[in-house]
Every structure is written in structure tokens, then in C-alpha cells.
Amino acid sequence: MKLAHSIPLILLTFSLLIHHVFKASAQRVSYIVHMDKSHMPKAFSSHHYWYSSTLQSIKSVDDPTSIQGPKLVYTYDNAFHGFTAVMSKQELDNLKKSPGFLTAYVDDIVISDTTHTYKFLSLNTATGLWPASEYGKDVIIGVVDTGIWPESPSFKDDGMTKIPSKWKGICQSGEQFNSSLCNKKLIGARYFNQGVRAANPGVTITMNSARDESGHGTHVASTAAGNYVDGVSFFGYAPGTARGVAPRARLAAYKVLWNEGSYESDALAAIDQAVADGVDILSISISYRRSVLFENPIAIAGFGAREKGILVSVSAGNRGPSLWTIVAGIPWAFVVASGTIDRWFSGTLTLGNGRKVTGWTMFPARTTVRNLPIVYNETLSACNSVELLAEAPDQSLIICNITDESIEFFNVMNYLSRSNVRAAIIISEDTRTLRSTSFPHPGVVITSAEAREVISYTSNSDNPRGSIDFQQTVLGLEPRAAPALAGFSSRGPGRIYPGILKPDIMAPGVLILAAYNPFTSTASIGNNVHLASDYTLLSGTSMACPHISGIAALLKSAHPEWGPAAIQSAMMTTANPLDNTNQPIKDMSYNLYQEATPLGIGSGQVDPNRALDPGLIYDASIQDYVNLVCSMNFTREQTQTIIRSRYNCSNPSSDLNYPSFIALYNFEERGVALTRRFKRTVTNVGEGAATYNVKVEVPNSSTISISPRTLVFKKKYEKKSYTVRIRYRSDRELRDQYGSLTWVEESGKHTVRSPIMVAPGLDNF
Ligand SMILES: *[C@@H]1O[C@H](CO)[C@@H](O)[C@H](O)[C@H]1NC(C)=O
Ligand SMILES: *[C@@H]1O[C@H](CO)[C@@H](O)[C@H](O)[C@H]1NC(C)=O
Ligand SMILES: *[C@@H]1O[C@H](CO)[C@@H](O)[C@H](O)[C@H]1NC(C)=O
Ligand SMILES: *[C@@H]1O[C@H](CO)[C@@H](O)[C@H](O)[C@H]1NC(C)=O
Ligand SMILES: *[C@@H]1O[C@H](CO)[C@@H](O)[C@H](O)[C@H]1NC(C)=O
Ligand SMILES: *[C@@H]1O[C@H](CO)[C@@H](O)[C@H](O)[C@H]1NC(C)=O
């Protein structure tokens, strides 16, 4: 544990730090421009000269703001073709008439998605994916985020072999970042801030290098592929050996999120560079506000990455629990929802009569709460003001009832810290309070049911007394089944393209322990003592995404012949829709604890060992994605922004060979039966001949017919197709209607499951 020198609590929400204003059209702003490279005249030796020359030619003489002319910020050539430049509106209008121009849009801001997993995921050294993949050996994961803290023990290269020869990246030096800081684990580091500078002329970048000032990128990278580190904990909680999901995979950090601002153009430059550098997996735990496919940078650059065989894994976002809160539901990205794990941090309250109650606590120190008088006074029990708490006896253990939703846990902690009350027993039903990591005053949180016994003892005893023991970590079933879908996890359908079910899958993303910037405050005692730690617990879909990136690295290593679609299919069709009590996974939103639907968890919780041997896969080539984009009724320029001139729209089709199904309806068609048809092709990746029969869970108010109902494969890699017809009625009462389709091998060895979702379309939401 280190004391951070009076560093204020840093809010991890970048959205609070960034204020981007779309400036009036007369002003010069950064535009991201997409070009059709097939129009590049032969005279130009490179795209860079062509773009510079094009910009020279659009300089406008009538425009008084155009003295210096347009300024080139980035050129892009690997994941897609184009550039970012600072221009006036008039210059942009001129540019639109230039040969090869496709589309242009204002450079928008981006937002990071923050708020023992390997054991919970059943990864083990004896069997399954870890040994089969040699722990992800030689697979390179590119992390696009806030940079990296290279000295973290998670990035030591003990036990790592020499860097794969395909790697072309660099370790870029910069402020407090020596290029010798990379090693055989952290094989690359680069930073991109031309976009921030162009949008904020004269801005001073406080850490002009790949060094991670916030800790977010370090956390994400070490979750995906951190090396083994013994004896870590968060102030005594979650102690053990830290390790990433793919402890032998390589990491390359691309810093695009800055304290000074975060822009799409920088993220685009990073993805474009990562493709050229030779990453295998891109892990992107950041959100984009753009809900238009041909203007979303991850959609555009991610398409180019996918074309090069790179799997792109992105966080679903932290805008849940409302539906339609997934912005970047990109068809060719792996979109990850966030769930809980079976770990609980607790303190034990021992009453004077010997009874013990286990509550939630994360008070970050060992402290003495021994045999203190318990106070339960209904007048004071809200604990909701400094004045009230001043009436409570000094050095007491007070019972605070904050089940009334208007009382904020954070405020109560603050008032307690300013009082002479020694510790608190807090009654709450709020799942956020029951998992709060900010716990600056000693105490435990218990539920109303647990409180009954405590209150009864206190009221019936002449001298009620209690003690609390801190820093306990509980694993297993109690007190709640896991995984459960986190309330904050964004829900589908995806706004960017609702025709494919998003999110795709769920992974651990609540209270994940991973490496951090050791000088960033992560906990506090009272209101003045701020603590930092080189490992910290964070929650968010940002934390779930690198779990999927790490598992994808393991699968890529175990099955080098699989492309991104096959890896994604293997994880989706083997995901588990049940929790560790064998009940459907629950949704923690609104404290309701209802069944989660595929719009929250996609196919379910990732099960890495089963993904190693999925039996069948739903493969898709880049042409299939081209056909999908071509079906979206975009203009030629919009389509080419994504697919570029190499492809044409000769065969548009919205029926992508995807391992899940979604059927949308309109309320206007209320009571009318609608029909959607899907065709799917599965490839046998099991060993030898196999026969599969279909099993269907039919969504409410639907009928489903499947043809054929048996698939007979004679050999490995044989393909078989089937069709699905879903007849369904729009219905105001039954909004969440879902089921599944599972191919079950006759031998019982493999089951290949796809979720089916029937939901209202956006117009009816
Ligand atoms: C970088 O580190 C190496 C090895 O520690 C050292 O020799 C070199 O002087 C450092 N360079 C800079 C610019 O600090
Ligand atoms: C509860 O607190 C109020 C305010 O301090 C005090 O007036 C009252 O006597 C207390 N009740 C008991 C039973 O101690
Ligand atoms: C806590 O306060 C609420 C009202 O705010 C009340 O309904 C509930 O009974 C109280 N719980 C206990 C255990 O006293
Ligand atoms: C595209 O346009 C065609 C013809 O107008 C229509 O049938 C189809 O539903 C449209 N597709 C989408 C995705 O809007
Ligand atoms: C479109 O692409 C297909 C497949 O690459 C090719 O066979 C066809 O000739 C192309 N059509 C046009 C008009 O370019
Ligand atoms: C189907 O409808 C029943 C009755 O309304 C409901 O209890 C059940 O949860 C629904 N199931 C699904 C999967 O929508």
C-alpha cells in the first residue's frame, strides 16, 4: 500500500473531463475524410502526397480564415484510406468536389467505459484451453486505451520467449517513457494525440508519451495478458497471484485517451497503425457516440482490421439498463457485456451474544472495531446529516438504515467520516451499495433481512455490543448466484445496426483486480487520506472486453487455422446461459433480479474451455460482411467508406451467417403474424463424422420451423446449411420474447447453441 501525496480522487469518467463543442461552420475544425484510393493518380508515389496535394488544391481565396490553408493531421492507409485535416466549411465544400472524395465528418470525442476471474472461468493448468494454447504464446493483443504503466510487475517478461518475427511495431519514446521500457511481454507502445492538438490549438499535453496517467489502459492490458504476479491485493481484499487471461500473449499499447481530450481521429490512427504493426487481436474498451455505421471509427477501421484477419473486441458500454443503449453494435466486432463473478468482499459483524453476520465492506485498512456499544435510535437511523450524527455517542457502532432510496451511501460515508462514530452497520437493498468499492469509513453493509436479527438483539439487550473484522474475501455461491448481468452494462439492440443481435457475449466485468497506475488514488480513509495501490478493483464493460480479447488470443494460439469469425462463433455457441446454481443468468438492474435476456447477455457467459472444441462453427468471410453492408441502403460513397473500392455490391444480403438470431417488429403491425427467414451454414470442426439434431426453445407468441432438423457430417470441415423460419406477432405486453436453437450431437459430445430474440424495432421503442 502506498500513500499518494495528496492526489485528489480522480474520476475515471472521461466524459466529465472532456467538453467538446461542435463549433460554428465558419470556424476551422478537424474533419475525418474518407477517400477512394483507386482514384489516386499514378504520378503520386504515396497516398500521403496525394492527400497533401488534394488539400493544397482546396485552399480557398475568398475565405478570410483560410490564410494558412487546411492542415493535415493524420493520413491513414492500412485499415482504411483517408486522412484527418483541420479545415473551414468552405474548404470542405471544395474538397467534396475533388476526385476520390467519399465522405467527411467532424472529429468527435470518445469515452472510456469504466465504472481470481481465471478460476471462475474454469481456466486451469491441467486440461482445457490454457495448456492447449500454451497460454496464448506468440499471439499479439493491441490495446487501444489510455496507455500503459510499463514498470507494473504484470508486464515483466519472465518466462517469455523471443518476440515473434511478424511484429513490426515500435516502442515509441516520449515524456517519462524510455524506448527501452518495452520487453518480451510489452512488445510495443505508441501514442497518438495529433487529433487532440488539432481540436484544441495551443493545448499542453501533460504526459506526452504512452505512459498511462489514469490507470485504465494498464488495467485493461493486464486483464487480457498480464504476466504472473504473486502476492497482490487491493488493500487486503482479493489477495492472490494476479495473471491475465492469456499470461503468455504479447501486449502492444496504443494511447489515444488523454486527460486533455480524446478524439476519433487519434483512435483511427492507432487502429490503422496496429494493423500495420501486426497485432492479432484488438481490444478496444472505449465508446463512440456515433450511431451511424459509416461514420463510426471502430466500424470503419475495424472492418479493415477484420479483413486482415484481426479479431476486434469492444466493450458494450456502461449506459444500461435501458434497451437500445449499445451504440457500437458493429456487426464485425465482438461486443462484450459485463457480469459479476463469485467473489464477495466482506467484514464479519460479531454481536455480543456470539452471533455473526457477514456484510459487504471494502474499508481499505485493518482497523479495530472491538466490543463497542451498538446504537439503534430511529431518530438518528438515517445517518443522513452531520448534525444528526453529532448526537450519537462517541466511539459507538451505529445502525444506519438507508433503504430509503433518497439517501446516498456516498453522502452517509462522508457524514460518518466527519463524526465521532467509530463504525456503522448500514442497512441497504441497493446492489450498487452492496458492491461499493469506495468505503472510506469503517462499517459493513447488510440487507434488511439480516438487519432484523441485529436490531432485535440491540433492542432486547441491556448492553448491546459488537465487533467487526475487515479485509475478508469470500468465494463461491453465497450470497448471490454468479454470474449476473451488471445493471450498468449497455443493452441491445445495437443502434448502429439492429439487424444483428448485440451484445454477443458476457464476461467478468465487476470488481476485477488488475494492475494500475501506482500513483493514482484508488481508495480513501475519511475525507483526507487518499490511498494508491499498484493493483486495483474496477467495474465496467471495459473490464469485460479484455477477458474476451485474452480468450480470443488463447483460441487463436490453439487453432491458428481459425479466422476471427470462427473464434467468435466458437465462443458464442458454447457460452453458458445459466449461472452457478444452474438457473438462467439474472439481471441486476433496478435491483429486480429478473432473468437476463439475450439483449443483455447475448449468447451468455463465455466458457473458454468449451470454446476450444465447439463441434460446429458459423464462419463468415469478408465478402459476407461486404454483402451485409451492401444491403443497408447506404449511398455508394457511404458504402465505400466502409468496404472501399476493392469490393462491389453485386450480391447484397442482410442474412449474415451469424451464430445468433434477432427478429424485430413494429407495433403498427400489432396482432399481425410476421415471418423472418434465416439461412445458416455450419462447418464441422469436430474430429470426423458426426450427426446433430436440433432442439428449440420457442419464444413466446412465436412459432419456429427449421429445415432440415438433422445434419449429418461425414468428415471434418464439411459444411451443411439449414433454414429457420420465425413466425411471430408484435405484442405490447410481451416485449422481451426469447428462446434458443441448439444443435445437439447424437453422441452428446457437442452442443451448439444460438440465442433467438424477438423484440420491437427502434421506431416502437
Ligand atoms: C533509456 O534507458 C537506457 C537503459 O536503462 C539508458 O541507457 C538510456 O540512457 C535511457 N535513455 C533515456 C533517453 O533516458
Ligand atoms: C435518540 O436520539 C435523539 C436525538 O439525539 C434523542 O433525543 C433520543 O433521546 C434518543 N433516543 C434514545 C432511545 O436514546
Ligand atoms: C428502514 O427504513 C424504512 C423506511 O425508510 C422502513 O420501511 C424499514 O422498515 C426500515 N428498516 C428497518 C430494518 O428498520
Ligand atoms: C433497402 O431498400 C429495399 C428496397 O427499398 C427494402 O426492401 C429493404 O428493406 C431496405 N433495407 C434496409 C436495411 O432498410
Ligand atoms: C464484383 O466482384 C465480384 C467478386 O469479386 C467479381 O466477380 C465481379 O466481376 C465484380 N463486378 C463488378 C461490376 O466489378
Ligand atoms: C413467456 O410468457 C410467460 C407468461 O407470460 C412468462 O412467464 C415467461 O417468462 C415468458 N418467457 C419468455 C422466454 O419470454
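Just so you know, ligand 1 is whichever comes first in the structure, and atom 1 is the first atom listed for that ligand.
Less than 6.0 angstrom separates the ring centroid of W149 from the ring centroid of F519.
Side-chain N/O atoms of S214 and Y516 include no donor and acceptor closer than 3.5 Å. Under 3.5 Å, the side chains of D607 and T574 contain no donor-acceptor pair of N or O atoms. For the residue pair N259 / E213, a side-chain donor-acceptor distance below 3.5 Å is found, with atom types taken as modelled. Using modelled atom types, one finds no donor on one side chain facing an acceptor on the other under 3.5 Å when comparing T447 with E429. S549 and S283 share a side-chain donor-acceptor pair at under 3.5 Å. A donor and an acceptor atom, one from each side chain of T241 and D230, are located under 3.5 Å apart.
Nearest to atom 6 (C) of ligand 2 by heavy atom, out of N377, L380, T379, is N377.
Of the protein's non-hydrogen atoms, D404 CB, 3.6 Å is the one closest to atom 5 (O) of ligand 3. At the top of the distance list for atom 1 (C) of ligand 3, counting protein heavy atoms only, stands N401 ND2, 1.4 Å. Protein heavy atom in closest approach to atom 4 (C) of ligand 2: E391 OE1, 3.5 Å.
The distance from ligand 3 to the heavy atoms of Y376 drops below 4.0 Å at these ligand atoms: 14 (O). Listed by atom number, the atoms of ligand 3 under 4.0 Å from T403 heavy atoms are 1 (C), 2 (O), 3 (C).
Counting only heavy atoms, the protein never gets under 4.0 Å from atom 13 (C) of ligand 2. Within a 4.0 Å radius of atom 9 (O) of ligand 2, the protein contributes no heavy atom.
In terms of polar-atom proximity, S448 is not counted as a contact of ligand 3, lacking any N or O under 3.5 Å from an N or O of the ligand.
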